[in-house]
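Worksheet: one structure, shown below.
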There are 2 protein chains.
Amino acid sequence: MAYDKAFAALSDPTRRKVFELVSARPRSVARIAGELPISQPAVSHHLKVLREAGLVIAEPKGASNIYRIDPQGLAAIRTWLDRTWEAALDAFQAEFSIEKEEK
Amino acid sequence: MAYDKAFAALSDPTRRKVFELVSARPRSVARIAGELPISQPAVSHHLKVLREAGLVIAEPKGASNIYRIDPQGLAAIRTWLDRTWEAALDAFQAEFSIEKEEK
DNA sequence: GTTTATCATAAACCATGGCTTATGATAAGG
DNA sequence: CCTTATCATAAGCCATGGTTTATGATAAAC
């Protein structure tokens, strides 16, 4: 399941901040590191986790790496969300039906 | 931000499984523990995290506690998701506009 | 009131994970 | 080439977190 890694990747606040920056505009690693109070290796590591979760894509541009959002990751999360939501809805309906029958 | 705790709560696979069980049908703690290969205290702890994240609600029923889904938590995640998605969309459009101007 | 059942909390243990400083790899520029 | 810039990886450190066993608290049952 793809949403497994995606959820884990977004669990850390700093990593989620990195993802939000990349979502708002494609950026280089150095650029991201400059906007956050963490070192460059830390940013690289966060991006690696996001990359393996299918949330971002790296585009080599000269010596630097431009990171941009990968729509598939967010789509996976949305899928899980919708499925869980629907299950909850069915549960509510089933519960209501039973109460009705018990009258 | 409410989605902060919600994301962290769903980052663990086992805890996410607990949440899925509760979503599919309200259950007691013992019931959940019986369906998972972990101890009862572990389940209680997971439920506590989910509860503090606004993802589930506890309903005392006699000596047992019935847990059910709390729609607010999922709604919070969806809000973050939509917002991030929209930001990414704006970024794509902006990028495209710039390329057009550069012609 | 004394069990019995159900759940929460505490303590302890171990694994995971995020961060830093160093180091290596690759690509552009003089 | 040699330097410089940019990024990834490695090693090590410390904090967080998930799990278990043990224990306490509360509510029903007899």
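Note on naming: letters A, B, ... go to the chains in the order of the sequence lines (proteins, then strands), and numbering restarts at 1 for each one. Computed from a predicted model, the values in this text were never measured in an experiment.
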Side-chain N or O of Asn65(A) closer than 4.0 Å to phosphate OP1/OP2 of dT6(D): no
Please report, rounded to the nearest Å, how far the P atom of dG18(C) is from the CG atom of Leu10(A). 12 Å
Between dC7(D) atom P and Ile66(A) atom CD1, what is the distance in whole Å? 7 Å
Quick one: is Ser44(A) getting a side-chain N or O under 4.0 Å of the dA8(D) phosphate, OP1 or OP2? yes
Between CD1 on residue Ile32(B) and CZ on residue Phe19(B), distance to nearest 0.5 Å: 11.5 Å
Roughly how far, to the nearest 0.5 Å, is CD1 of Ile69(B) from CZ of Phe92(A)? 7.0 Å
Is there side-chain contact between Trp85(B) and Pro71(A), with at least one heavy-atom pair below 4.5 Å? yes
Which atom pairs, donor and acceptor, lie under 3.5 Å between side-chain atoms of residues 45-57 of chain B and protein residues at least two apart or in another chain?
from     : atom 1 : to       : atom 2 : distance (Å)
His46(B) : ND1    : Arg15(B) : NE     : 3.3
Arg51(B) : NH2    : Tyr67(B) : OH     : 3.3

Between protein and nucleotides 17-30 of chain D, map the contacts as a letter string: B base, S sugar-phosphate only, - none, heavy atoms under 4.0 Å, written 5' to 3'. -SBBBB----SS--
Nearest-Å distance for atom pair CD/P, residues Glu59(B) and dT6(C): 18 Å
Let me know the distance between CG of Leu50(A) and P of dG18(C), rounded to the nearest Å. 10 Å
Tyr67(A) side-chain N/O to dT6(D) phosphate OP1/OP2 under 4.0 Å: no
Tyr3(B) side chain near Leu10(A) side chain, heavy-atom distance below 4.5 Å: no
To the side chain of Ser64(A), which of dA8(D), dC7(C), dT6(D) is closest? dT6(D)
Can you tell me how far the CD1 atom of Ile77(A) sits from the CG atom of Asp4(A), to the nearest 0.5 Å? 11.0 Å
Ile32(A) has an atom CD1; how far is it from atom P of dT6(D), in whole Å? 14 Å
